[in-house]
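Have a look at the structure below before the remarks.
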There are 2 protein chains.
Amino acid sequence: MREVAQLAGVSRMTVSRVVSDPDVVLPATRDRVNRAIADLGYVPDKAAGGLSSRRTGFVALMLPTLTNANFASVAHGLTEVLRGSDYDLLIAYTDYDLGEEERQLRNLLARRPEAIVLTGASHSREIARLLLAANIPILEIADLPHRPIEHVIGFSNHEVGRTAARYLLDRGFTRLGAIGAVYDGSVLDHRGEERIRGFEEELRRSGLPTTGVIRHGIAPLSYDHGVGALQELQRRAPDTQALFAVSDLSAVGVVMECQRQGLRVPDDLSIMGFGNFEIGREINPPLTTINVDFHGLGSQTGRLIVDLLGSATPPAREAAHRVDVGLAVIERNTVRPA
Amino acid sequence: MREVAQLAGVSRMTVSRVVSDPDVVLPATRDRVNRAIADLGYVPDKAAGGLSSRRTGFVALMLPTLTNANFASVAHGLTEVLRGSDYDLLIAYTDYDLGEEERQLRNLLARRPEAIVLTGASHSREIARLLLAANIPILEIADLPHRPIEHVIGFSNHEVGRTAARYLLDRGFTRLGAIGAVYDGSVLDHRGEERIRGFEEELRRSGLPTTGVIRHGIAPLSYDHGVGALQELQRRAPDTQALFAVSDLSAVGVVMECQRQGLRVPDDLSIMGFGNFEIGREINPPLTTINVDFHGLGSQTGRLIVDLLGSATPPAREAAHRVDVGLAVIERNTVRPA
DNA sequence: CTGAAAGCGCTAACAT
DNA sequence: ATGTTAGCGCTTTCAG
């Protein structure tokens with residue numbers, strides 16, 4: 001910056017102004033400075049700027065994995081909104097690893113984000129404390145935790161499971177199954193477990209057995225989870241008529257395994273998934289699933305952040321937001337009509 | 001930090017040492033400081049630290065998209081290695097948008113990464129200049145550009161196309177097709193275009209027509225690209241026997257569309273893809289494809305970075321690395337045996 | 001082994 | 001409209 005100032009024949013302060021608030025500088029001066037910036041390939045150091053202004057200009061997003069299209073949609077929605085308000089989005093991911101989550105969080109916090117968006121569970125006391133101590137907006141998304149750290153924008157995974165069960169029940173099925181991951185008490189697949197519990201609850205309400213509810217393998221779930229889980233289901237509850245998979249990927253695996261076994265979908269087995277992944281639309285027959293507007297979830301999160309950071313009011317912790325973005329069944333052809 | 005120092009009854013300098021080089025501090029002092037750190041929930045400000053030490057402790061990774069499992073593997077491999085050397089990985093993505101690429105790059109550069117890993121094309125003069133001016137290692141991965149900015153760790157996309165063509169030719173097919181995206185001169189799908197050109201080249205060498213080479217839709221490619229492209233192919237070269245899709249996702253779309261049309265794969269049409277995506281293994285029949293060790297590519301990149309940053313030698317620009325990680329055909333069942 | 005002084009690159013606050 | 005001064009939170013360097 002010093003060089004730029006010299007080349008343009010102004011003080012460093014003027015260079016700073018040209019970069020952050022150009023309108024306040026005389027056009028002639030501004031042009032001179034801009035030319036110097038271009039000539040020198042000067043890129044302002046945001047870390048130094050942030051140190052001084054107490055504004056780092058970025059929001060952190062913690063993702064459990066990089067490969068989930070729905071989380072990518074969230075990132076999309078977020079980015080779109082934040083870009084309009086001149087915040088960057090920096091992404092870290094944990095690979096569904098608890099230790100890694102804490103590590104990454106510390107790293108992120110050490111760079112002083114202005115807000116932090118969490119998709120993991122992050123509920124160890126230690127982590128929650130660290131987060132709160134940072135004194136920035138904390139947003140938990142893609143779930144509706146009972147005891148949130150602060151703001152929540154999400155949907156009820158429990159309700160996802162109940163909705164699936166009701167949908168299947170409404171179509172007259174009585175031998176229902178569900179497949180998810182083994183829940184080992186860690187929070188790795190917290191959300192999938194919630195879905196499966198919602199499903200079980202609805203089964204119990206209807207006085208139906210839960211023998212078809214299979215917890216198989218560990219999260220994150222993918223296609224081959226579906227094939228393994230189906231095989232286990234066939235051993236434990238061979239008369240199952242309709243099946244809910246806590247993830248579309250798993251559901252697709254089930255459909256593929258059915259093809260291999262010569263089982264007709266939905267005639268021999270009805271299947272529904274969750275997440276409305278693109279592959280579900282492409283397979284034969286196309287997969288019935290439950291959709292959540294993840295992109296909208298991301299934009300809403302972005303808007304809330306901008307609001308929160310924009311208001312000069314000190315962080316009123318008591319006014320935590322809680323938004324349920326809801327969900328919807330997407331009817332396609334893997335569930336036999338009533 | 002001031003508070004921590006006070007609470008522990010030491011100078012701020014001692015706190016700094018406990019955080020960054022604990023062994024040099026007397027155990028008793030160290031314990032006292034650590035307790036103060038824990039009590040106060042102190043998280044050191046890396047931006048401030050970096051400003052002073054000229055080491056920001058992070059490496060930037062620019063990805064075109066968040067939803068590609070292969071790029072996620074790269075990130076994985078990179079993270080594993082970097083973690084061992086105490087660097088963070090910060091990820092930005094461009095959504096295959098050129099303007100966004102430059103924006104993100106500036107943002108990243110403004111935070112002073114110690115090295116930058118690029119997967120995009122990034123070859124505008126302006127960008128290359130900015131990158132070089134940053135005076136940090138620049139690594140381009142997942143391709144083997146002719147005129148690299150600096151280091152390159154990747155594979156030849158051109159060779160991917162040639163390998164696919166040769167594989168199909170070797171099996172006795174003479175009516176070959178390929179599907180990729182429309183290449184509009186921008187660098188959005190540079191890699192896919194390279195693959196398709198390699199395929200065409202091999203066709204020409206064998207004196208075969210390239211009428212079955214279809215550029216359809218725009219990148220990034222997904223399942224529905226395959227269905228649209230197949231339909232176009234059927235119009236333009238209905239007698240095609242074997243088809244190479246520049247992406248597995250597109251190839252899977254083709255297989256699904258064949259199922260719908262009642263075409264038998266591979267009897268009526270042979271198909272091969274690229275990328276070895278998980279879904280290819282699950283469909284029926286499983287997809288023949290070309291694999292690249294993306295995880296290894298990531299670790300190698302990480303190791304090179306650690307080397308480069310570790311050596312006290314000034315960045316010897318002339319000694320740019322160039323590594324070809326190669327590729328391999330994965331034979332499954334969508335190509336009819338010779 | 002620990003501390004004091006100086007300064008990293010930038011901007012807030014106050015001049016002018 | 002532009003410049004000056006002070007200082008953001010930390011580490012380097014040098015003393016002790």
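A note on names: the letters A, B, ... follow the listed sequences, proteins ahead of strands, and every chain is numbered from 1. Computed from heavy atoms alone, side chains included, the values below leave out hydrogens, waters and symmetry copies. Keep in mind the model is a prediction, meaning the values are calculated, not measured.
Taking both residues in full, the closest heavy atoms of B/T67 and A/A69 are given as CG2-CA, 3.6 Å, listed atom of the first, atom of the second, then distance. For B/L51 against A/A48, the heavy-atom pair with the smallest separation is CD1-CB, 3.6 Å. In terms of heavy atoms, A/V81 sits closest to A/G302 at CG1-C, 3.5 Å.
Taking atom CZ of residue A/R111 and atom C1' of nucleotide D/dC10, one finds them 14 Å apart after rounding to whole Å. A straight line from CG of B/L51 to C1' of D/dT11 spans 10 Å, rounded to a whole angstrom. In this structure, B/R2 places its CZ atom 12 Å from C1' of D/dC10, rounding to the nearest Å. Between the P atom of D/dT12 and the CE atom of B/M1 lies a distance of 11 Å, rounded to the nearest Å. With rounding to whole Å, A/D23 atom CG is found 16 Å from D/dT2 atom C1'. With rounding to whole Å, A/L26 atom CG is found 5 Å from D/dT2 atom P. The CD atom of B/E3 sits 10 Å away from the P atom of D/dG9 (whole-angstrom rounding).
Interface remark: the A/S53 side chain does not form any donor-acceptor pair with the C/dT11 base, using a distance-only criterion of under 3.5 Å.
Within the structure, the salt bridge (Lys or Arg N to Asp or Glu O under 4.0 Å) test picks out the following pairs touching residues 52-62 of chain A (sequence neighbours left out): A/R55-A/E114.
Within a heavy-atom distance below 4.0 Å of DNA chain C, the residues of residues 28-49 of chain A found are A/Y42, A/P44, A/D45, A/A48, A/G49. A heavy-atom distance below 4.0 Å to DNA chain D is reached by these residues of residues 6-20 of chain A, ordered by number: A/V10, A/S11, A/M13, A/T14, A/R17.
Taking 4.5 Å as the limit, some side-chain heavy atom of B/I305 sits within range of a side-chain heavy atom of B/L78. Side-chain atoms of B/L131 and B/L118, non-hydrogen and from C-beta on, do get closer than 4.5 Å to each other. At a threshold of 4.5 Å between non-hydrogen side-chain atoms, the residues A/V43 and B/R112 count as touching.
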Under 3.5 Å, sequence neighbours excluded: what are the donor-acceptor pairs made by side chains of residues 28-35 of chain A?
residue : atom : partner : partner atom : Å
A/R30   : NH1  : A/P22   : O            : 3.0
A/R32   : NH1  : A/A8    : O            : 2.5
A/N34   : ND2  : A/R30   : O            : 3.4

For A/R103 and A/E100: C-alpha separation, side-chain torsions, deciding distance, then whether salt bridge (Lys or Arg N to Asp or Glu O under 4.0 Å) applies.
CA-CA 5 Å; A/R103 255 193 101 258; A/E100 188 62 11; 3.6 Å; yes
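Atom CD1 of residue B/I91 and atom CG of residue B/L61 lie 5.5 Å apart, to the nearest 0.5 angstrom.
Contacts of A/F155 classified as ring-ring contact (aromatic ring centres under 6.0 Å, His included), with partners at least two apart in sequence or in another chain: A/F274, A/F294.
Of all nucleotides listed (C/dC8, C/dA12, D/dC10), C/dC8 comes nearest to the side chain of B/R54.
When the C1' atoms of four end pairs are superposed on the next four at each end of the helix from C/dC1-D/dG16 to C/dT16-D/dA1, using five pairs per end, the two resulting axes differ in direction by 30°, to 10°.
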